[in-house]
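One structure is given here, and the rest of the page talks about it.
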Amino acid sequence: MTADDSFDRLEDDDYPAYTMGRAAEMIGSTQGFLRAVGEARLITPLRSEGGHRRYSRYQLRIAARARELVDHGTPIEAACRIVILEDQLEEAQRINAEYRRAAEAANPTAAA
C-alpha cells in the first residue's frame, strides 16, 4: 500500500486510523475508558504491527455515545449494552426501510 492509498482510506469510517491517545483525546475521555469499553466488548480495536490499539471513526462514535451515557450516571456495562442495542435498532430500521423501498418499487400501485 502506498502513502496515497493510506490517505484515501482515511475517508473510510472503518479504517483504524487513530491511536489510543488520539482517540481518547478526540472523544474527551481517558485511555482507561477506551480499554474499559473494549473489555466490555463494545468495540474491538485493531492492532498495529507493533501491537498498539487503533480505532476507526465508527468505533469512536460508538465509544463517544457510551461516554455520554456514563457521564450521565449509567454504569459502563449498562451503557455498553444500551449502545449495542441502539446500534442494532438503527441497523434494523435501515434494513426495514430498504425492504419497504424495494416493495414499493416492485408494486407502485399498492403504495397509493
Side-chain angles (χ1 to χ4, degrees):
M1 180 180 294
T2 67
D4 286 340
D5 293 338
S6 294
F7 184 73
D8 289 341
R9 298 214 43 213
L10 290 176
E11 297 299 318
D12 181 354
D13 256 6
D14 296 317
Y15 182 66
Y18 304 100
T19 64
M20 178 180 269
R22 179 69 180 126
E25 181 182 300
M26 288 173 69
I27 66 167
S29 76
T30 64
Q31 292 181 18
F33 177 81
L34 288 174
R35 282 189 208 93
V37 295
E39 289 169 9
R41 297 187 179 189
L42 176 62
I43 58 175
T44 304
L46 292 174
R47 299 283 182 149
S48 68
E49 289 181 20
H52 300 282
R53 290 174 179 89
R54 296 286 189 177
Y55 297 89
S56 69
R57 288 189 301 183
Y58 172 75
Q59 289 173 323
L60 294 183
R61 281 196 303 274
I62 296 292
R65 174 67 179 132
R67 187 189 63 79
E68 180 182 315
L69 291 168
V70 169
D71 287 351
H72 285 95
T74 306
I76 194 161
E77 296 82 13
C80 290
R81 185 69 182 137
I82 289 167
V83 172
I84 288 168
L85 290 170
E86 288 174 343
D87 198 47
Q88 289 172 343
L89 176 60
E90 183 179 318
E91 177 67 6
Q93 289 173 330
R94 185 192 61 76
I95 291 168
N96 228 2
E98 285 178 17
Y99 285 147
R100 195 171 292 117
R101 282 190 297 275
E104 289 171 358
N107 191 3
T109 58

Quick one: are H52 and R47 in side-chain contact, heavy atoms under 4.5 Å?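 Result no, sub-4.5 Å side-chain heavy-atom pair not found.
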Any side-chain heavy atom of I76 sitting closer than 4.5 Å to one from F33?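 Yes; the side chains approach each other to less than 4.5 Å.
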Test: D12 and R57 ion pair at under 4.0 Å: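 No salt bridge links D12 with R57.
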For the [atom1] atom of [X] and the [atom2] atom of [Y], what is their distance to the nearest 0.5 Å?
X	Y	atom1	atom2	answer
E77	E39	CD	CD	10.0 Å
I84	L42	CD1	CG	5.5 Å
T44	R41	OG1	CZ	7.5 Å
I43	R53	CD1	CZ	9.5 Å

E91 atom CD, neighbour heavy-atom count above 12 within 6.0 Å: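 More than 12 within 6.0 Å, yes.
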Does the side chain to side chain contact (heavy atoms under 4.5 Å, CB included) test come out yes or no for Y15 and L46, once each step is laid out? CA-CA 9 Å; Y15 182 66; L46 292 174; over 6 Å; no
Quick one: does [X]'s side chain have a donor or acceptor within less than 3.5 Å of a partner on [Y]'s backbone?
X	Y	result
Q59	S56	yes
R67	I27	yes
T74	A79	no

Pair R61-D13, side chain to side chain contact (heavy atoms under 4.5 Å, CB included): steps then yes or no: CA-CA 10 Å; R61 281 196 303 274; D13 256 6; 2.6 Å; yes
Go through it in stages, so that I can follow the logic: the residues are M20 and R35, the test is side chain to side chain contact (heavy atoms under 4.5 Å, CB included), and I'd like the CA-CA distance, side-chain angles, deciding distance and then a yes or no. CA-CA 9 Å; M20 178 180 269; R35 282 189 208 93; 3.7 Å; yes
Out of the candidates R94, E98, R100, only one should pair with N96 under the side-chain contact (heavy atoms from CB on, under 4.5 Å) rule; please name it.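 It is R100, the one option of R94, E98, R100 that forms the side-chain contact (heavy atoms from CB on, under 4.5 Å) with N96.
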Among M26, R54, E25, find the residue that satisfies the side-chain contact (heavy atoms from CB on, under 4.5 Å) test when tested with Y18.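 It is M26, the one option of M26, R54, E25 that forms the side-chain contact (heavy atoms from CB on, under 4.5 Å) with Y18.
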Passes side chain to side chain contact (heavy atoms under 4.5 Å, CB included), Y99 versus R101? Steps please. CA-CA 5 Å; Y99 285 147; R101 282 190 297 275; over 6 Å; no
State, to 0.1 Å, how close L34 and Y55 come at their nearest heavy-atom pair, and which atoms those are.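 Distance-wise, the nearest heavy atoms are CB-OH, 3.7 Å.
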